[in-house]
Amino acid sequence: MIRRKIRELIENKINELFGSISDLIFEVEKPKREIYGDYATNVALVLKNRLNKSPLEIAQKLAQEFEKETKIFSKIEVVKPGFINFWISQNYYIENLKKILEKKEEYGKIDLGHGKKVLIEFVSANPTGPLHIGHGRGAAYGDSLARILDFTGYNVTKEYYINNKGTQMIILGASVYLRAKELSGEKIEFPENYYKGAYIYDIAKEALKLYPDLLSMEEEKAIELCKELAIKIILEDIKNDLERFRVIYDNWYSETGLYEKNKVEEVINYLKEKGLIYEKEGAIWFKSSLFGDEKDRVIIRSNKEYTYFAGDIAYHYEKFKERGFDLCINIWGADHHGYVKRLKAALKAFDIDPEKLQIILIQMVNLIEGGEIKSMSTRQGEFVELKELLNEVGADATRFIFLSRSADSPLDFDIDLAKKQSQENPVYYVQYAHARICSIFEKAKENGWDEFNWGRANWEFLSNKEELDLLKKLDEFQDVVESASSLYAPYKLTYYLLELAKEFHEYYSKYRVLSEDKELTLARLGLCMGCKIVLKNALNLLGVSAPKKM
RNA sequence: GCGCCCGUAGCUCAAUAGGAUAGAGCAUUGGACUACGAAUCCAAAGGUUGCAGGUUCGAGUCCUGCCGGGCGCGCCA
């Protein structure tokens with residue numbers, strides 16, 4: 001938070017001293033080395049060209065002004081090329097601790113979104129099989145991002161788009177139908193492109209139970225029934241897994257619904273009027289190449305089937321033009337990146353600013369088992385299900401691991417390591433810090449503390465280096481929240497948690513919180529409570545629990 | 001062939017919109033429990049940031065070209 005304050009202060013002073021300067025981009029950063037202070041800015045270096053003065057001279061002038069702010073700064077220095085280094089007064093950090101104790105679960109909130117309506121669409125796996133490990137990463141990412149954006153003042157809706165239309169669904173139905181035949185003793189030949197997973201048998205059994213005369217029906221009708229049943233069962237299974245993974249959606253949006261409402265037709269007609277549609281070789285094409293796509297795309301195939309893209313155009317048209325979202329965030333697997341340009345092209349055709357659609361591509365997940373990479377394919381029925389991770393690893397460790405990497409980085413999920421409840425598994429390191437603090441408070445109660453009146457605490461007792469470091473770390477939380485939100489980067493919080501937990505564990509092993517000295521104890525308990533609150537708030541943004549005992 | 005992502009310590013990854021002497025964890029080695037939970041802590045060691053140029057006060061970060069890896073390039077989703 002102090003970082004934001006310093007930034008504002010700099011902006012104000014520049015205005016006073018040099019007049020308003022447009023598009024000024026400068027940094028307020030935490031230097032890597034302590035000798036450069038708690039924070040530093042490069043603003044004088046950036047201003048050099050604008051003001052045609054030496055950076056040192058500019059820095060000196062600004063520093064003089066900042067020295068007046070004795071409540072915030074304890075020391076200010078101008079160095080070498082023109083950096084200004086700031087040391088923050090302990091008093092500031094104490095005030096921040098008081099704020100934490102007062103705000104509790106509200107601490108760290110910051111209004112970046114100003115109530116902007118944002119839709120986060122994620123997972124959206126086709127209901128052709130259970131969720132696997134790759135979907136899990138998208139689920140953890142999308143849900144955590146939703147929590148972070150909500151925490152930072154956005155009005156967030158979480159949505160799952162169900163692709164329940166098209167050839168894949170027919171194949172799904174036919175797969176079930178064939179398995180039903182097989183189960184009834186018929187000899188079958190199972191085509192290469194059908195769904196081979198074991199779950200298809202389960203659905204087939206269910207179909208036979210529900211429709212005893214299934215196999216004597218007209219085949220087309222039987223497949224249709226199998227399809228409907230399969231979608232229903234698989235979707236329930238998906239919902240169930242996601243719930244166990246603590247991912248709760250606001251909407252489950254059906255693709256077929258778009259067609260029932262004639263949305264797709266409407267949107268295609270609109271494009272037709274604009275002259276962006278043409279017919280070639282029996283198919284209907286959209287001139288996406290006019291809007292930055294590599295080539296035009298088919299939206300209605302020559303067999304009159306709509307492509308997935310057709311539905312997606314209508315879906316996104318509706319998101320912006322009818323449902324009124326200011327920002328839409330789609331979270332896709334990186335293997336879909338080729339699709340980005342055509343969807344943005346569609347938005348441009350509707351005069352929707354393509355920047356309003358943020359597509360976040362998440363790199364693949366490699367499953368490591370026994371030290372080897374296992375390959376996965378839904379069609380072949382070879383994949384590790386999310387369910388398996390939930391059963392064997394648990395939601396907390398699974399989420400933490402998924403959220404420990406930037407989306408750009410492929411993730412190796414070592415299932416053996418994830419299962420271990422040991423130091424190699426970082427989630428426990430963080431949770432343990434929280435549990436330890438809870439345990440201290442339990443002990444304190446045993447020792448006769450029945451209430452903690454922070455208002456009466458004498459914070460001067462927090463005078464060790466480790467205590468000041470912790471106070472600084474707690475203040476930093478607000479900056480981390482801000483960057484996690486504006487960069488769509490939940491992993492920033494994961495790293496922050498590990499750092500905070502580390503500093504707490506160090507402190508814990510070096511100093512005793514509970515002692516005969518009541519005043520010292522109360523101050524240290526206050527610091528512990530601050531850590532507990534921040535740990536819990538940060539964990540909550542990842543959707544990971546903060547246990548009292550482990 | 002074209003497009004997107006990536007290349008940092010033995011391994012897995014950070015490095016905050018270009019900042020100062022590139023940091024963690026794991027693994028390795030050696031230490032610390034009769035006091036709030038040892039799922040913890042302390043210490044040691046580990047690097048030509050894939051290669052070569054360029055941009056500037058300053059490059060792991062930006063530009064160009066190579067090398068290596070992943071993923072795409074359908075009237076599939």
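The chains referred to below are lettered A, B, ... by the order of the sequence lines, with proteins before strands, and numbering in each begins at 1.
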Do the side-chain N or O atoms of [X] get closer than 4.0 angstrom to the phosphate oxygens (OP1, OP2) of [N]?
| X | N | value |
| --- | --- | --- |
| A:R524 | B:C36 | no |
| A:K30 | B:U16 | no |
| A:Y432 | B:A39 | yes |
| A:K48 | B:C57 | yes |
| A:Y491 | B:A15 | yes |
| A:K492 | B:A15 | yes |
| A:K502 | B:G25 | yes |
| A:S439 | B:G37 | yes |

What's [X] touching, base or sugar-phosphate or nothing? Going by heavy atoms closer than 4.0 Å.
| X | result |
| --- | --- |
| A:K32 | sugar-phosphate |
| A:R3 | base |
| A:S515 | nothing |
| A:F441 | nothing |
| A:A433 | nothing |
| A:Y511 | base |
| A:Q363 | sugar-phosphate |
| A:V340 | nothing |
| A:P31 | nothing |
| A:A444 | nothing |
| A:D296 | nothing |

When the [atom1] atoms of [N] and [M] are considered, how many whole Å apart are they?
| N | M | atom1 | value |
| --- | --- | --- | --- |
| B:G30 | B:C5 | P | 46 Å |
| B:G50 | B:A9 | C1' | 15 Å |
| B:G69 | B:A22 | C1' | 23 Å |
| B:A52 | B:A59 | P | 15 Å |
| B:C11 | B:G72 | P | 26 Å |
| B:A15 | B:C73 | P | 30 Å |
| B:A27 | B:A39 | P | 15 Å |
| B:C57 | B:U48 | P | 29 Å |

Atom-pair distance ([atom1] on [X]; [atom2] on [N]), nearest Å:
| X | N | atom1 | atom2 | value |
| --- | --- | --- | --- | --- |
| A:F83 | B:G18 | CZ | P | 13 Å |
| A:I440 | B:U40 | CD1 | P | 16 Å |
| A:L498 | B:G23 | CG | P | 18 Å |
| A:R512 | B:C36 | CZ | P | 6 Å |
| A:R436 | B:A39 | CZ | C1' | 9 Å |
| A:I25 | B:U61 | CD1 | C1' | 16 Å |
| A:D475 | B:U16 | CG | P | 19 Å |
| A:R7 | B:A17 | CZ | C1' | 10 Å |

Minimal non-hydrogen separation, A:D296 against A:F286, with atom names: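 The pair with the smallest heavy-atom distance is CB-O, 3.3 Å.
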query: At their closest point, which heavy atom of A:Y429 faces which heavy atom of A:H505, and how far apart are they?
result: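 Distance-wise, the nearest heavy atoms are O-NE2, 3.1 Å.
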message: Need to verify one output field. Residue with the more 5' nearest nucleotide on RNA chain B, A:A501 or A:V298?
response: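 Mapping each residue to its closest nucleotide by heavy atoms, the 5'-most match is A:A501.
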- prompt: Which sits closer to the 5' end of RNA chain B, A:K295 or A:D408, going by the nucleotide each is nearest to?
  reply: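 Upstream on the strand: A:D408.
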What distance separates [X] [atom1] from [Y] [atom2], expressed to the nearest 0.5 Å?
| X | Y | atom1 | atom2 | value |
| --- | --- | --- | --- | --- |
| A:I162 | A:I231 | CD1 | CD1 | 9.0 Å |
| A:I200 | A:Y194 | CD1 | OH | 11.5 Å |
| A:D312 | A:Y339 | CG | OH | 4.5 Å |

Closest nucleotide among [options] to the [X] side chain:
| X | options | result |
| --- | --- | --- |
| A:D335 | B:G37, B:C71, B:C75 | B:C71 |
| A:Y508 | B:U16, B:A14, B:A38 | B:A38 |
| A:K549 | B:U12, B:G37, B:C76 | B:G37 |
| A:L487 | B:A20, B:U16, B:C13 | B:U16 |
| A:S406 | B:C75, B:A14, B:U40 | B:A14 |
| A:Y429 | B:A20, B:C4, B:C41 | B:C41 |

Can [X] and [Y] be counted as having a side-chain donor-acceptor contact under 3.5 angstrom?
| X | Y | value |
| --- | --- | --- |
| A:N163 | A:E255 | yes |
| A:Q168 | A:Y195 | yes |
| A:E467 | A:Y507 | yes |

Can you find a donor-acceptor pair, distance only, under 3.5 Å between [X] side chain and [N] base?
| X | N | result |
| --- | --- | --- |
| A:H337 | B:G3 | yes |
| A:N42 | B:G19 | yes |
| A:S302 | B:C75 | yes |

task: Have a look at B:C33 and give me syn or anti from its glycosidic angle (syn if within 90° of zero).
output: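 That one's syn.
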message: Counting the benzene-type ring for Trp, do A:Y508 and A:Y432 have ring centres under 6.0 Å apart?
response: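 A:Y508 vs A:Y432: aromatic centres not under 6.0 Å.
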message: Quick check: A:F402 with A:F413 (ring centres under 6.0 Å apart)?
response: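 Yes, close enough.
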Pairing pattern in dot-bracket form [Watson-Crick, G-U; both distances under 3.5 Å; | = partner strand] for RNA chain B: (((((((..((((.....[...)))).(((((.......))))).....(((((..]....))))))))))))....
query: Step by step, would you call A:Y253 with A:Y315 a ring pair (Phe, Tyr, Trp, His ring centres under 6.0 Å)?
result: CA-CA 9 Å; A:Y253 196 97; A:Y315 180 39; 4.9 Å; yes
- prompt: May A:Y495 be described as stacking on the base of B:A24, applying a 5.5 Å centroid limit and a 30° limit on plane angle?
  reply: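 Aromatic stack with B:A24 absent for A:Y495.
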task: Please name the residue in the list A:E11, A:E482, A:E476 that meets the salt bridge (Lys or Arg N to Asp or Glu O under 4.0 Å) test with A:R4.
output: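 With A:R4 as partner, A:E11, A:E482, A:E476 yield a single salt bridge (Lys or Arg N to Asp or Glu O under 4.0 Å), made by A:E482.
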